[in-house]
**Student:** 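Structure below; questions to follow.
These numbers come from the heavy atoms of this one structure, side chains and all, not from hydrogens, waters or symmetry mates.
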Amino acid sequence: MLDKHSTVALEWIGRAGGSPGQAAVAWLADELVTVPVGVAWDVVRLPAAEGWRTVHILQKLGEVGPVLLGPKGVEVMVPVGAAHDWDLPGARVLARAEHVDVPPPRVVAPHTRHRRTWIVPPTGEPAVLTDADALYGAYAAALATGGSAR
């Protein structure tokens with residue numbers, strides 16, 4: 001049975017162009033769901049260490065939306081087009097025609113499913129995303145305090 005947080009996350013997937021029905025079935029089977037990027041949000045992928053520091057900074061400011069952790073780093077959801085001109089080292093912006101694989105919202109670090117987990121699950125209003133300017137500043141601060149990205 002899916003809980004309240006899963007219901008919100010399914011709405012979130014639907015707004016992104018994914019199938020809430022297929023997502024519900026996959027999550028009940030403990031599988032990942034592939035969600036398109038560039039429809040309801042873009043994703044900024046950061047190196048893991050700097051990404052964790054960035055998320056901690058944003059959490060202290062109270063300015064963080066859904067965030068994933070996967071084998072390629074920390075993935076932060078931002079408004080579509082808001083990070084297209086990013087120039088910080090180690091950051092990669094995923095946009096239209098790309099996708100992310102998401103576990104059920106109950107899978108939060110340190111727990112994982114198929115090497116993916118939520119640092120901040122999409123359990124609030126689906127429209128809540130991380131502000132790209134706040135993310136940029138927090139990532140710059142994380143780079144400055146922890147060394148540069150590879």
Side-chain angles (χ1 to χ4, degrees), residues 2-20 22-24 26-27 32-146 149:
L2 296 175
D3 61 15
K4 176 185 170 193
H5 295 304
S6 294
T7 301
V8 171
L10 290 172
E11 291 174 22
W12 181 78
I13 285 172
R15 288 183 186 186
S19 168
Q22 289 176 349
W27 285 348
L32 301 176
V33 176
T34 299
V35 181
V37 175
V39 177
W41 64 82
D42 288 344
V43 171
V44 176
R45 184 179 289 148
L46 308 172
E50 292 86 354
W52 272 104
R53 284 195 299 276
T54 300
V55 170
H56 289 295
I57 292 167
L58 290 169
Q59 286 174 322
K60 288 179 185 176
L61 298 172
E63 299 184 17
V64 64
V67 180
L68 285 162
L69 175 65
K72 295 181 180 179
V74 171
E75 299 169 342
V76 184
M77 282 62 176
V78 299
V80 173
H84 71 277
D85 60 352
W86 268 47
D87 59 357
L88 292 175
R92 178 170 178 260
V93 180
L94 286 72
R96 190 168 285 281
E98 297 192 71
H99 69 276
V100 291
D101 294 324
V102 300
R106 64 181 159 67
V107 178
V108 178
H111 305 286
T112 65
R113 289 296 177 276
H114 307 284
R115 298 179 52 206
R116 298 195 57 80
T117 188
W118 289 102
I119 297 172
V120 179
T123 55
E125 167 60 39
V128 174
L129 298 170
T130 299
D131 178 81
D133 292 335
L135 178 60
Y136 188 95
Y139 182 55
L143 288 174
T145 59

**Student:** Name all residues meeting the side-chain contact (heavy atoms from CB on, under 4.5 Å) criterion together with Gln59; count only those two or more places apart in sequence or in a different chain, and write none if there are none.
**Tutor:**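 Testing Gln59 for side-chain contact (heavy atoms from CB on, under 4.5 Å), a comparison that skips the adjacent residues, returns Val55, His56, Val64, Val120.
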**Student:** Mind listing the closest non-hydrogen atom pair of Val107 and Arg113 along with its distance?
**Tutor:**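 Distance-wise, the nearest heavy atoms are CG2-CG, 3.6 Å.
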**Student:** Residues two or more places apart in sequence or in another chain: which of them pass side-chain hydrogen bond (donor to acceptor under 3.5 Å, both in side chains) with Thr34?
**Tutor:**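 Testing Thr34 for side-chain hydrogen bond (donor to acceptor under 3.5 Å, both in side chains), a comparison that skips the adjacent residues, returns Asp101.
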**Student:** Keeping to residues at least two apart or across chains, list the salt bridge (charged side-chain N to carboxylate O under 4.0 Å, His left out) pairs with something in residues 76-95.
**Tutor:**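 Checked against salt bridge (charged side-chain N to carboxylate O under 4.0 Å, His left out) - neighbours excluded - the pairs reaching residues 76-95 are Arg92-Glu98.
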**Student:** Which residue, Leu135, Val67, Leu143, forms the side chain to side chain contact (heavy atoms under 4.5 Å, CB included) with Thr54?
**Tutor:**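 Between Thr54 and the candidates, side chain to side chain contact (heavy atoms under 4.5 Å, CB included) is satisfied uniquely by Leu135.
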**Student:** Which pair of heavy atoms, one from Ala9 and one from Trp27, lies closest together, and at what distance?
**Tutor:**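 In terms of heavy atoms, the two residues are closest at CB-CH2, 3.6 Å.
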**Student:** Are the side chains of Pro66 and Trp12 in contact, using a 4.5 Å heavy-atom criterion?
**Tutor:**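 A side-chain contact under 4.5 Å exists here.
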**Student:** What do the steps show when you test Val74 against Tyr139 for side-chain contact (heavy atoms from CB on, under 4.5 Å), and what is the final call?
**Tutor:** CA-CA 11 Å; Val74 171; Tyr139 182 55; over 6 Å; no
**Student:** Counting N and O atoms only, with roles assigned by atom type, does the side chain of Tyr136 sit under 3.5 Å from a partner on the main chain of Asp131, one being a donor and the other an acceptor?
**Tutor:**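 Not a single qualifying donor-acceptor pair exists.
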**Student:** Search all heavy atoms of Val33 against all heavy atoms of Ile13 and return the closest pair with its distance.
**Tutor:**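 Closest approach of Val33 to Ile13, heavy atoms only: CG1-CD1, 4.2 Å.
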**Student:** Holding to side-chain contact (heavy atoms from CB on, under 4.5 Å), I want the full list of residues that pass it with Val93, two or more places apart in sequence or in another chain.
**Tutor:**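 Val93 satisfies side-chain contact (heavy atoms from CB on, under 4.5 Å) with Val44, Ala83, Trp86 once adjacent residues are dropped.
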**Student:** For Ala109, give me all partners under side-chain contact (heavy atoms from CB on, under 4.5 Å), at least two apart in sequence or on another chain.
**Tutor:**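 Ala109 satisfies side-chain contact (heavy atoms from CB on, under 4.5 Å) with Trp52, Thr117 only.
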**Student:** Using side-chain contact (heavy atoms from CB on, under 4.5 Å) as the criterion, list what pairs up with Pro71, not counting sequence neighbours.
**Tutor:**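 So Pro71 forms a side-chain contact (heavy atoms from CB on, under 4.5 Å) with Arg115, Arg116.
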**Student:** Show your reasoning for whether side-chain contact (heavy atoms from CB on, under 4.5 Å) applies to Trp118 and Val102.
**Tutor:** CA-CA 8 Å; Trp118 289 102; Val102 300; 3.7 Å; yes
**Student:** Any idea which heavy atoms bring Leu129 and Ala40 closest together, and the distance?
**Tutor:**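 Closest pair (atom of Leu129, atom of Ala40, distance): CD1-O, 3.7 Å.
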**Student:** How close do Ala142 and Glu50 get, heavy atom to heavy atom, and via which atoms?
**Tutor:**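 So the minimum-distance heavy-atom pair works out to CB-O, 3.7 Å.
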**Student:** Using atom types as modelled and distance alone, determine if a side-chain donor or acceptor of Thr130 lies under 3.5 Å from a backbone N or O of Val78.
**Tutor:**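 Not a single qualifying donor-acceptor pair exists.
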**Student:** Might you point out which heavy atoms bring Ile57 and Ala138 nearest each other, and give the distance in Å?
**Tutor:**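 Taking every non-hydrogen atom into account, CD1-O, 3.5 Å.
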